[in-house]
Amino acid sequence: MALETADPPKAIAPPHPLREFWHYFRANGGAFAGLVIFCALAMLALFPDFFAPHSPIETRPDALLRPPFWETGGSFAFPLGTDAIGRDMLSRLIHGARLSLFMGGTVVLLSLAAGVVLGLVAGFARGITEIAIMRLMDVMLTLPSLLLAIVIVAILGPGLINAILAVAVVVLPSYVRLTRASVISELAKDYVTASRVSGAGTLRLMFSTVLPNCLAPLIVQASLVFSTAILDAAALGFLGLGAQPPLSEWGTMLADGREFVLRAWWVVTFPGLAILVTVLSVNLMGDGLRDALDPKLKR
Amino acid sequence: MLRFVLTRLSLVIPTFVGVTLLAFLLIHLVPGDPIETMAGERGIDPARHAALMKEYGLDQPWTVQYGIYLLHLLHGDLGKSMITHEPVVSEFTTLFPATLELSLCAVLFAILLGLPAGMIAAIRRNTIFDHGIMGISLAGYSMPIFWWGLLLILLFSGTLGWTPVSGRISALYFIEPTTGFLLIDSLLSDDPGAFRSAVAHLILPTIVLGTVPLAIIARMTRSSMLEVLGEDYIRTARAKGLAPFRVVGIHALRNALIPVITIIGLQVGTLFAGAILTETIFSWPGVGKWLVDAIGRRDYPVLQGGVLLIGTVVMGVNLVVDLLYGLINPRIRHRS
């Protein structure tokens, strides 16, 4: 008599987390559209010289304020026209994509790193350290974000790097609060106690035990911060406090074109449209991320 | 209730001290000698330099300077502008009504459009209305408002010639400031043209400043309304045979409004940030433009005073919203 029995019914393996994430993300049409637009922008930002027909800073005294090609007087040499000193708008916009995404990305990395560390410290240390950190964040939240950024730039002086630093500081409180709140709720759980009992040190507990379990809300927050950072950095550029000419930052381009607004609509329309499309694509992706990472919204 | 008020107040005080410290440090963190920075490239002779150092108290250790600063603060003295030599407080109080008038109009605009839009999106969930309203509001939320303002100027002031480009009122009218709110003052002036001019000047800035709050309110109303519409008491109300309008407009809306009101209260900071940009675009003579101009002129006392005053206003409004919320909702009041 053979002892062979039928194989026990195989449990359906749960999908890999990334696969599951993609499933939910893909189901959101807006988020997918956002991702496609964002990837296109990223391509422009990575290889601006490949896509741009001209140099972004080369001026042409014989082609000032040329309209886009579909208007009378426009030509395919400058598809989106030229600005007041004869620079090609399309090339400047493409190079601007690089600056905007660079600023957004750097702000996210800087503020995420600093915010997570401060939040972890506040959540682990408690007591006076926690109070000091959280009060400081309250003070920063009291001031309107753009005002605080302006104040920081006023102290450091205008410029691309200082604008990045200013915006990174301004968005810091959101990460700190989020990290601290999730750290405190995670610390009460059994797996942390188990890890502590088996001798894990504070640093190991912080970064390798607790942090991975706090990541989902932080990732969603990072996408929000990315879009805020692009908007605020452009606003600083518009006020003359961000990237300085001749850098083709979109906000700075808007400020340059402002005085020609009633004469040459294209010098203000396109840079702003570029900001809107970029921020919108990031926000669309952010919505998708939230839907995919929030267990409450999963069906 | 008293306990609740005191707890909230005790939380505000350290934050306020923090803001004073931040405003104070502002001048001291500027690299280099503040007097030389303010004098600019022309330079300044040593005697005048020493006199100015003494006048601003910059020759003292910073702890003493902070003490003096707080002392002056308690007397309502925030220093004088380096350009106009007017007290910062009086400049602020002259300009603040313009910002307040614009912000109130913007909030009103945002609420009047945002609430119905959010409700329609919630009631007609997953229809073309819902997707349309949510798409537009996401675009509004992503809008660089400084560009939005320029676009509106381009269309309505440039192409169509309907609205003026900048300022609060046409230069033809001189209105005696009684309340500081031009809409009221121009109504009191018995000149119908003045009121019309004030309204025309207000339309575009209101739309520009109201766009982001409008998008936030519409999104919040929708999600809050969807949550409430799923509650049992709504099913009961429907089962009783109440008119759909009554169910949504009275039963659901009342409860859906609570988080929306909180969100509206939290918009003060967003409004100030927006006002800085909106006032710059429309040359609106308010505190936002005042601060931007102060940076251009390196007028640090104005920047310092402005930061403190705006911080105080935001803190004050947040405190009032907090207390009102506690007043309306006993669960919040008794938790702390």
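In what follows, chains are A, B, ... by sequence order, proteins preceding strands, each numbered from 1. Everything quoted here is computed from the prediction, not taken from an experiment.
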Looking at [options], which one has more heavy-atom pairs under 4.5 Å with chain B than the rest?
options	value
A:Ser227, A:Ser145, A:Ala235	A:Ala235
A:Leu280, A:Leu148, A:Thr278	A:Leu280
A:Val277, A:Leu231, A:Val261, A:Asp138	A:Leu231

Minimum side-chain heavy-atom gap [X]-[Y] below 4.5 Å:
X	Y	answer
B:Leu11	A:Arg135	yes
A:Leu143	B:Phe272	no
A:Met137	B:Thr15	no
A:Val279	B:Pro144	no
B:Leu138	A:Asp287	yes
A:Val268	B:Phe146	no

Heavy-atom cut-off 4.5 Å, strictly under: side chain, backbone, both or neither for [X] against chain B?
X	answer
A:Ile230	neither
A:Leu224	side chain
A:Thr269	both
A:Leu141	neither
A:Leu276	both

Toward chain A, the part of [X] with a non-hydrogen atom under 4.5 Å:
X	answer
B:Val292	side chain
B:Leu303	side chain
B:Leu151	side chain

[atom1]/[X] to [atom2]/[Y] distance, rounded to the nearest 0.5 angstrom?
X	Y	atom1	atom2	result
A:Phe238	B:Leu150	CZ	CG	5.0 Å
A:Ile150	B:Leu291	CD1	CG	7.5 Å
B:Thr159	A:Leu262	OG1	CG	8.0 Å
B:Leu277	A:Asp232	CG	CG	8.5 Å
B:Ile281	A:Arg258	CD1	CZ	7.0 Å

Out of B:Ile295, B:Leu154, B:Val314, return the one with the most heavy atom pairs under 4.5 angstrom to chain A.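 Most pairs with chain A among the choices: B:Leu154.
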
[X], [atom1] atom: more than 12 neighbouring heavy atoms under 6.0 Å:
X	atom1	answer
B:Trp148	CH2	no
B:Phe96	CZ	yes
B:Leu160	CG	yes
B:Glu227	CD	no

Do you know the tightest heavy-atom contact between A:Asn283 and B:Tyr141?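 Nearest pair, atom of A:Asn283 first, then B:Tyr141: ND2-CD2, 3.7 Å.
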
What is the minimum heavy-atom distance between A:Pro144 and B:Gly269, and which atoms define it?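 Result for this residue pair: CB-O, 3.3 Å.
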
side-chain contact (heavy atoms from CB on, under 4.5 Å) between B:Leu26 and A:Ile155, worked out: CA-CA 7 Å; B:Leu26 172 66; A:Ile155 293 172; 3.6 Å; yes

Counting only N and O atoms by type, is there a donor-acceptor contact under 3.5 Å from the side chain of B:Trp147 to the main-chain atoms of A:Leu254?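 Side chain of B:Trp147 to backbone of A:Leu254: no pair is present.
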
For B:Ile276 and A:Leu239, what are the C-alpha separation, side-chain angles and deciding distance, and is it a side-chain contact (heavy atoms from CB on, under 4.5 Å)? CA-CA 9 Å; B:Ile276 293 174; A:Leu239 292 173; 4.2 Å; yes

